[in-house]
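Worksheet: one structure, shown below.
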Amino acid sequence: MESLIGALVKLTLLLASGQEATLLFAGDAMMHQAQIDAAKTADGTYDYTECFSEVRPYISSADFAVVNLETPVAGGYYSGYPCFNAPDSYVDALRDTGFDLFLTANNHTLDRRDRGLKRTVALLDSLGLPHLGTYPDSAARKKAIPMIKDIKGFKVGFLNYTYGTNGISVTSDAVVDYIDEQQIRADVATTRNAGAEIIAACMHWGEEYTLIPVASERRWADLLTELGVDLIIGGHPHVVQPLETRVNPRTGRQSLLVYSLGNFISNMKTTDTRGGMCATVTLSRDSVGNAIVTNPEYSYVFTVPPSSANRNFRLYRLDDVPPSWSDKAAAFERNAEQVLQKRNKGVRRASYLRE
């Protein structure tokens with residue numbers, strides 16, 4: 001009997017060692033007024049399908065993809081900066097692109113105040129889309145945390161926090177997950193104790209347009225590393241910041257830190273804000289069946305505004321940018337690579353194969 005049990009254990013570990021899942025994290029999905037105007041159709045509806053048609057195969061190829069929804073979807077009149085509000089069809093387009101989790105804790109989440117926050121959450125719920133970071137009340141947060149997703153047999157816990165909400169405060173029972181050490185420590189412990197094998201903390205932090213992480217980013221990254229978080233994924237600066245692998249002090253295994261993914265899509269126009277990157281990792285198992293983070297990579301995306309050829313904004317992987325925009329794309333790439341070549345630690349750029 002013991003030999004049979006031993007054989008079964010060995011077989012289980014052998015099978016587990018071949019298990020893999022890919023996770024993808026995208027940056028800030030913005031909604032400026034020009035994007036709203038470009039998406040408006042003749043019948044008064046808004047269509048964002050064209051925006052993501054070029055990257056859909058890439059995003060949807062991941063087993064689980066995460067995006068920062070940096071706008072309320074509050075109904076009523078739509079608006080861009082400084083107080084965002086996107087049409088519902090923007091969420092539809094992101095869903096159809098392949099995103100599985102929508103992050104909502106960011107500095108624009110209260111742009112339409114508590115009502116906008118609650119309406120955004122209600123829309124995501126009505127579409128059956130997982131979301132994290134804001135909640136209509138504390139009971140909803142208690143139900144949502146811990147958020148653990150079974151991704152091809154890996155139990156992955158997700159957390160999402162923001163540094164602030166542009167000076168706008170909650171005035172009802174709505175809840176925003178702000179960056180707070182006591183809350184983070186409690187949430188990480190709760191998520192781990194609930195069975196998460198891998199924990200991902202998505203952080204809205206730092207200073208806008210700064211290519212090098214500021215002290216607050218580094219401080220919070222160190223805390224999250226100390227707590228044993230496996231994936232620390234940052235956004236908000238709207239530019240690409242360095243990536244690095246670290247050793248998870250709790251497990252001794254590899255973890256990934258991304259200070260800022262930059263923009264996923266936007267109407268920002270400076271060299272460093274026209275693009276961003278997606279970060280991917282492969283989850284696998286070691287020889288004794290423990291979940292591990294492997295193959296961390298990054299890949300650039302670039303936004304091209306409307307033209308005579310395309311009536312809408314369109315997002316491309318960098319190598320697919322149309323020739324008319326190749327110079328601007330090359331300038332974005334050059335600036336980003338200059339930063340990463342000096343400060344990137346252990347994360348390679350993904351090799352590119354056209355779909």
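The structure displayed is predicted, hence computed values, not measured ones.
A donor and an acceptor atom, one from each side chain of T270 and D272, are nowhere located under 3.5 Å apart. When only modelled atom types and interatomic distance are considered, Y298 and N344 share no side-chain donor-acceptor pair under 3.5 Å. Side-chain contact of S299 with R317: a donor-acceptor pair under 3.5 Å is present, judged by distance alone. Side-chain contact check for D63 and T22: at least one donor-acceptor pair (N or O, by modelled atom type) lies under 3.5 Å. Side-chain polar atoms of N263 and R274 form no donor-acceptor pair below 3.5 angstrom. Judged by distance alone, the side chains of R314 and S307 never bring a donor and an acceptor atom under 3.5 Å apart.
The OG atom of S172 sits 3.5 Å away from atom NZ of K118, with the distance rounded to the nearest 0.5 Å. To the nearest 0.5 Å, atom CG of residue L129 and atom CG of residue L123 are 8.0 Å apart. A distance of 11.5 Å separates CG in D222 from CD in E217, rounded to the nearest 0.5 Å. Note that CZ of F154 and CD1 of I292 are 8.5 Å apart. Values are rounded to the nearest 0.5 Å. If you take NZ on K142 and OG1 on T190, they are separated by 10.5 Å, rounding to the nearest 0.5 Å. Atom CG of L124 and atom CG of L132 lie 11.5 Å apart (nearest 0.5 Å).
Between M147 and L159 there is no side-chain heavy-atom pair separated by less than 4.5 Å. For the pair H204/D28, a side-chain contact is recorded, criterion being any heavy-atom separation below 4.5 Å from C-beta on. The side-chain heavy atoms of N68 and N106, taken from C-beta on, include a pair separated by under 4.5 Å. Counting heavy atoms from C-beta on, the side chains of N335 and V239 never come closer than 4.5 Å. Side-chain contact between V175 and V170: absent, with no pair of heavy atoms (C-beta onward) separated by less than 4.5 Å. L257 is listed as a side-chain neighbour of Y259, based on a closest heavy-atom distance under 4.5 Å. Between L103 and F158, every side-chain heavy-atom pair lies at or beyond the 4.5 Å cut-off. Annotation: side chain of I179 is in contact with side chain of I184 (closest heavy-atom distance under 4.5 Å).
Taking the charged nitrogens against the carboxylate oxygens, R246 and E226 have no contact shorter than 4.0 Å, which rules out a salt bridge. A salt bridge does not link E181 to R219: none of the charged nitrogens lies less than 4.0 Å from a carboxylate oxygen. D230 and R250 are not joined by a salt bridge, as no carboxylate oxygen comes within less than 4.0 angstrom of a charged side-chain nitrogen. A salt bridge links D177 with R141: at least one charged nitrogen is closer than 4.0 Å to a carboxylate oxygen.
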Under 3.5 Å, sequence neighbours excluded: what are the donor-acceptor pairs made by side chains of residues 84-94?
| residue | atom | partner | partner atom | Å |
| --- | --- | --- | --- | --- |
| N85 | OD1 | A74 | N | 2.6 |
| N85 | ND2 | G75 | O | 2.8 |
| N85 | ND2 | Y77 | O | 2.8 |
| D88 | OD1 | R119 | NH1 | 2.5 |
| D88 | OD2 | R119 | NH1 | 3.4 |
| D88 | OD2 | R119 | NH2 | 3.1 |
| S89 | OG | Y46 | O | 2.6 |
| Y90 | OH | M30 | O | 2.8 |

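Closest heavy-atom contact between P237 and T210: CB-O, 4.3 Å.
In this structure, Y81 and H108 have perpendicular ring planes: the angle between them is above 60°, well past the 30° mark. Taking the six-membered ring where tryptophan is involved, the planes of F302 and F332 are tilted, since the angle between them lies from 30° to 60°.
Looking only at distances, a side-chain donor or acceptor of T109 sits under 3.5 Å from a matching main-chain atom of T104. Listed for the D180 side chain is a donor-acceptor partner under 3.5 Å among the backbone atoms of Q182. Checking side-chain atoms of D173 against main-chain N and O of D137 turns up no donor-acceptor pair under 3.5 Å. In this structure, E297 contributes its side chain and T280 its backbone to no donor-acceptor pair below 3.5 Å. For the pair T120 (side chain) and V73 (backbone), a donor-acceptor distance under 3.5 Å is present. Between the D47 side chain and the T49 main chain, a donor and an acceptor come within less than 3.5 Å of each other.
Q35 is linked by a side-chain hydrogen bond (donor to acceptor under 3.5 Å, both in side chains) to H32, counting only residues two or more places apart in sequence or in another chain.
Within 6.0 Å of atom CZ in R56, more than 12 heavy atoms from other residues, nucleotides or ligands are found, so the atom counts as buried in its surroundings.
Of the candidates V55, I59, L261, C278 forms a side-chain contact (heavy atoms from CB on, under 4.5 Å) with just one, namely I59. When each of T162, L224, V258, I233 is tested with M203 by the rule side-chain contact (heavy atoms from CB on, under 4.5 Å), just one qualifies, namely L224.
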Assess the residue pair N290 and T251 against the criterion (side chain to side chain contact (heavy atoms under 4.5 Å, CB included)); give the C-alpha distance rounded to whole Å, side-chain angles, the decisive distance to 0.1 Å, and a yes or no.
CA-CA 10 Å; N290 294 316; T251 65; over 6 Å; no
Practice task
Report the C-alpha separation of V240 and L211 in whole Å, then their side-chain angles, then the decisive distance to 0.1 Å, and conclude whether the side chain to side chain contact (heavy atoms under 4.5 Å, CB included) test is met.
Solution key: CA-CA 6 Å; V240 168; L211 296 170; 5.9 Å; no
Report task. Under the side chain to side chain donor-acceptor pair (under 3.5 Å) rule, what do R334 and T271 come out as? Steps first, then yes or no, please. Result -> CA-CA 10 Å; R334 182 169 57 251; T271 297; over 6 Å; no
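You'll find the ring centres of F264 and F99 inside the 6.0 Å limit.
In terms of hydrophobic clustering, with Ile, Leu, Val, Met, Phe, Trp and Tyr side chains grouped at heavy-atom distances under 4.5 Å, L117 and Y135 are assigned to different clusters.
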